[in-house]
Amino acid sequence: MASAAVDQGEVRADEGPTPASPSGPGYELIGKSGVKIIDIAAKGLEVTANSISGLRVEPLPGPSAFVKPKSIYFQQQTRKRRWDMVESHPSVSILLYHKGFKAALLVRQFRPAVYVSETKRVQLEEGPTATLPLTGAFTYELCAGIVDKPGLKLEEIAKEEIREECGYDIPLQSIRKLTSWLSAVGISGARQTCYYAEIDESMRAGRGGGNLVEGEEIDVVALPVDQIDKFIMDESIPKSTGVI
Ligand SMILES: Nc1ncnc2c1ncn2[C@@H]1O[C@H](COP(=O)(O)OP(=O)(O)O[C@H]2O[C@H](CO)[C@@H](O)[C@H](O)[C@H]2O)[C@@H](O)[C@H]1O
């Protein structure tokens, strides 16, 4: 992916307060079609990708807090069947509209599972020694989080994720439910509930970036409304289903 920071002043001009990043936002061109996004932290994808090393894949060593592989046995008509699944947490996601940037606010992060799946795809297409650039596993997603905290309402989890991942503190009542859907229906079927909220720089409460204790390193980017169609159709930009 090409990466270029340009025109920083243009973004700041209609923005009012300077965003938290010391270097300020800059434009970055992503994907084969050159979708123009605003990289809020202005770090650049290549720089971020350099932080990943020592990746290896092994069978699950024991019980996991995030996925539980199971086999389901049932009878359909007269036929005995077995279906293998992975039990996983439901989740919330938030479509954030940034009024200052006139853009959807998205997060970008390294997804190890995408790295493994995409490497397999590339090797099938190009041969067994082909490799995937690490940047190919930094996916563009809606701000999102798993529902694993008992006692918290989904809206409250959404509010926490907006604060943690994107750095904006927004009132609970301005988070509106849009809809929900089932993800990975063949292997998981976990429901994702999607919310909508509008933000601007007056709501900024921190840098965002995720929970450092959990090892999260999340970039926040803004996708201008006039770039959305191009972004969705550009298959070279790795993205989650929720964002589409
Ligand atoms: N499989 C796993 N293995 C190890 N550690 C894990 C893990 N899943 C989560 N974690 C840990 O839990 C932390 C919190 O995860 P989040 O709640 O931010 O969900 P995430 O953004 O990964 O996925 C959210 O966003 C994506 C994209 O929309 C949805 O697919 C997903 O259901 C939703 O929870 C992660 O930073 C990580 O430390």
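When a ligand or atom number is given, it counts from 1 through the structure's own listing order. Given the structure is predicted, the values throughout are model-derived calculations rather than measurements.
The proximity of E165 to ligand 1, defined as any non-hydrogen pair under 4.0 Å, is limited to the side chain. Residue contacts with ligand 1 for E141 involve side-chain atoms from C-beta outward but no N, CA, C or O (heavy atoms, distance under 4.0 Å). If you look at S91 next to ligand 1, the close heavy atoms, those under 4.0 Å, all belong to the side chain.
Residue E214 approaches ligand 1 through these ligand atoms, each under 4.0 Å from one of its heavy atoms: 13 (C), 14 (C), 36 (O), 38 (O). Residue contact check: A144 has heavy atoms under 4.0 Å from atoms 18 (O), 21 (O), 24 (C), 25 (O), 28 (O) of ligand 1. Near E216, the atoms of ligand 1 lying under 4.0 angstrom from a non-hydrogen atom of the residue are 14 (C), 15 (O), 18 (O), 35 (C), 36 (O). Ligand 1 places these atoms under 4.0 Å from at least one heavy atom of I146: 16 (P), 17 (O), 19 (O), 33 (C), 34 (O).
Looking only at heavy atoms of the protein, atom 5 (N) of ligand 1 is closest to F66 CE1, 3.2 Å.
Side-chain N or O atoms of D234 include one that pairs as donor or acceptor with a backbone N or O of K32 at under 3.5 Å. The backbone N or O of V116 lies less than 3.5 Å from no partner atom in the side chain of K120, so there is not a single donor-acceptor pair. A donor-acceptor distance shorter than 3.5 angstrom exists from the side chain of K159 to the backbone of I170, with no hydrogens or angles considered. One N or O on the side chain of Q227 and one on the backbone of K36 form a donor-acceptor pair closer than 3.5 Å. With W83 contributing its side chain and G186 its backbone, the two residues share a donor-acceptor pair below 3.5 Å.
Closest heavy-atom approach to atom 28 (O) of ligand 1 within the set K149, E161, Q192: this belongs to Q192.
At least one heavy atom of R111 lies less than 4.0 angstrom from ligand 1.
Annotation: side chain of I37 is not in contact with side chain of Y27 (no heavy-atom distance under 4.5 Å).
Between E155 and K177, no side-chain nitrogen of the basic residue sits less than 4.0 Å from a carboxylate oxygen of the acidic one, so the salt-bridge criterion is not met. Checked for salt-bridge contact, K149 and E156 miss the test: no charged N lies under 4.0 Å from a carboxylate O.
For atom 37 (C) of ligand 1, the protein comes within 4.0 Å by no heavy atom at all.
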